[in-house]
Amino acid sequence: MNWPTAIVHVDMDTFFVSVERLHDRSLIGKPVIVGGGQDGDLRRGVVAACSYESRAFGVHSAMPLAQAMRLCPEAVIVPVGRSNYGEYTSRVRTILESFTDLVEMASPDEAYLDLRGTDLLHGEPIGAAHHIRSRIAAQTGLPVSIGLATTRTQAKIASKLSKPSGLFVVAPGGEAAIVRPLSISALPGLGPKTAKRLNGANIRTLGQLIDAGEERLVRLLGDHGASYYRRAIGKGSAQVTPSRERLQISTEATFGDDIGERELIHGKLARMTMKLGSQLRKREQWAGTLTLKIRYPDFTTLTRREGIEPRTNDDTILYRRARDFFDRVWDGATPLRLLGVGVANMGDAVQGDMFEDEDGRKRERLLQTLDSIGSAKGNARLIWGSALEAKNPPAAPPEME
DNA sequence: TCTGGGGTCCTAGGACCC
DNA sequence: TCTGGGGTCCTAGGACCC
């Protein structure tokens, strides 16, 4: 078979559940739900992953946990984060990189590979895809689904068709025929809003979408329409980009109980900005944009961004900016359901500016030392101590567990 | 006892500049 | 008194993904 391009999509089946089962064999064969919110709080949590046994009861991911427990009372609930999922992501990545350098981790449990140039070492694409699947199973114990096709979109559709734990091949030239019977929702990136609009135009299957033609889809959906059409017929991208630097970092929390006390919220902001600062320094990045997100009990959600000049990764600067920003955005009365803060627009520090004075150099050394030695909690206390000694101490102390 | 947390990409409109 | 057009940067928010 002649493959002009050969893209493999690797998808770990029920990833969090599979990892938990490696650590606790008793979970095998049972309905298992991994989920929860902040600090293991189940009240406002959702399903992060669920086993096939629980799906038989109608449970699916992103469903409120309370609803999932009603549908499947016998399910075993495992708090998300009990095991170290990142460790398994790294192990899978290492295995994939033994096949080719062209590996793109699209999420912790998903990857794309470009098989060009691997035939001498690993044989033709179908054989290589088999090897990838068996090697991940043998070396990690994780079930994995594999799709092989000429483009990213087709490979992802193929891996879904192969579930659970299979291999599905879309041969070159067979793309349109394979997708025609599928629902339009099977096309990656075509979500519920777009599906609804297309249904309104009597387009329900990818066959109907293809028959509608590119022009009509552009009239219905704008520029996106052309992209859906091209990807459906197998003319989508075959570009695999080995994983990039993060473009943004954020953290957010939905509170078990809504909170309306300004000082308590400032304390949450302090902890969140410390976490962001530490992650930025670990990556040696400086952030040029701060983002703030708040959600009120009625689910109204506001997001705001503003520039930080000069760029920074200093906890205290991030905290003061976030706090001032928050005080300008919050109405001061309505309690919050959710608070989030993030950074973006990363780049290099402006040399010789931020740390010009002796105080600044001292703080930089302090932060570096703390990052290298301490636990996050220990860091938070020590850095807060230093912030209090600064010339303009923040108004409210952060809350510590 | 409705609706998590972490991301990416795209669009639209305003400000500003030439 | 008039008032184009293009480019770029910035912010807000929508849609989507796992």
Side-chain angles (χ1 to χ4, degrees), chain A residues 9-17 33-50 60-71 73 79-81 85-86 89 104-112 145 152-153 156 159-160 184-198 221-228 231 237 241 243-257 272 275-276 279 288-309 325 329 337-346:
Chain A
H9 183 249
V10 176
D11 193 324
M12 265 95 80
D13 298 325
T14 63
F15 180 54
F16 295 167
V17 172
I33 295 173
V34 178
Q38 259 329 80
D39 308 317
D41 189 337
L42 301 185
R43 285 178 302 165
R44 285 179 164 180
V46 297
V47 175
C50 51
H60 57 79
S61 64
M63 173 183 277
L65 214 46
Q67 188 185 350
M69 289 158 79
R70 279 196 301 271
L71 287 171
V80 64
Y85 311 119
T89 300
E104 175 180 335
M105 295 304 296
S107 76
D109 63 347
E110 250 191 300
Y112 291 93
S145 296
R152 293 168 66 96
T153 294
K156 189 169 161 82
S159 73
K160 191 149 218 170
I184 49 175
S185 305
L187 196 70
L190 198 162
K193 307 270 176 171
T194 308
K196 199 172 172 197
R197 290 173 69 176
L198 288 171
L221 305 170
D223 288 345
H224 287 302
S227 155
Y228 294 133
R231 291 194 294 118
S237 166
T241 309
S243 312
R244 303 165 296 178
E245 293 261 291
R246 278 252 200 301
L247 302 176
Q248 58 183 71
I249 306 172
S250 66
T251 181
E252 63 183 62
T254 296
F255 306 122
D257 300 292
M272 289 174 160
K275 185 172 160 188
L276 293 177
Q279 290 186 65
T289 300
L290 191 65
T291 70
L292 185 72
K293 178 172 172 178
I294 65 182
R295 176 171 289 156
Y296 292 118
D298 71 357
F299 236 69
T300 307
T301 307
L302 304 180
T303 63
R304 294 286 185 276
R305 300 168 211 188
E306 75 177 10
I308 312 171
E309 182 66 34
F325 198 11
V329 170
R337 175 190 175 88
L338 171 148
L339 177 67
V341 57
V343 289
N345 187 13
M346 262 76 92

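What's counted below: heavy atoms across the whole structure, side chains too, no hydrogens, waters or symmetry copies. The sequence lines fix the lettering, A, B, ..., with proteins before strands; numbering per chain opens at 1.
- Judged purely by atom type and a 3.5 angstrom limit, Thr301(A) uses its side chain to pair as donor or acceptor with the backbone of Phe299(A).
- An OP1 or OP2 oxygen of dG7(B) is reached within less than 4.0 angstrom by a side-chain nitrogen or oxygen of Arg246(A).
- His224(A) has its NE2 atom 17 Å from the P atom of dT8(B), to the nearest Å.
- Taking atom CG on Asn345(A) and atom P on dT11(C), their separation rounds to 8 Å, with Å as the unit.
- The side chain of Arg337(A) contributes an N or O atom lying less than 4.0 Å from OP1 or OP2 of dT3(B).
- Residue Arg304(A) places at least one side-chain N or O closer than 4.0 Å to OP1 or OP2 of dG13(C).
- Put simply, Gln67(A) has no side-chain N or O that comes within less than 4.0 Å of OP1 or OP2 on dT3(B).
- Its glycosidic angle being more than 90° from 0, dC2(C) falls on the anti side.
- Regarding contacts with the backbone of dC18(C), every side-chain N or O of Lys160(A) stays at 4.0 angstrom or more from both OP1 and OP2.
- When each of Thr251(A) and Asp223(A) is assigned the nucleotide of DNA chain B with its nearest heavy atom, Thr251(A) is the one assigned upstream, toward the 5' end.
- Put simply, CD on Glu110(A) is 17 Å from P on dC16(C), counting in whole angstrom units.
- Ring geometry for Tyr85(A) against Phe16(A) counts as parallel: the plane angle stays under 30°, on a 0 to 90° scale with 60° as the upper cut.
- Contact annotation: side chain of Arg43(A) to base of dG4(B), donor-acceptor pair absent below 3.5 Å.
- Looking only at distances, no side-chain donor or acceptor of Arg295(A) sits under 3.5 Å from a matching main-chain atom of Thr254(A).
- We find that CD1 of Ile184(A) is positioned 14 Å from C1' of dC16(C), with the value rounded to whole Å.
- The CD atom of Gln248(A) sits 12 Å away from the P atom of dG6(B) (whole-angstrom rounding).
- Taking atom CZ of residue Arg295(A) and atom C1' of nucleotide dG5(B), one finds them 10 Å apart after rounding to whole Å.
- In this structure the side chain of Asp109(A) never reaches within 4.5 angstrom of the side chain of Thr89(A), judged on heavy atoms.
- Checking the phosphate oxygens (OP1, OP2) of dG6(B), a side-chain nitrogen or oxygen of Lys275(A) falls inside 4.0 Å.
- When the side-chain nitrogen and oxygen atoms of Thr254(A) are compared with OP1 and OP2 of dG5(B), one or more of them lie within a distance under 4.0 Å.
- Across all strands shown, dT8(B) forms a Watson-Crick or G-U wobble pair with dA15(C), both key distances being under 3.5 Å.
- Note on Ser250(A): a side-chain N or O is less than 4.0 Å away from OP1 or OP2 of dG7(B).
- Remark: Thr194(A) is in phosphate contact with dC16(C), judged by side-chain N or O atoms under 4.0 Å from OP1 or OP2.
- A donor-acceptor pair under 3.5 Å is absent between the side-chain atoms of Thr289(A) and the main chain of Asn345(A), judged by distance alone.
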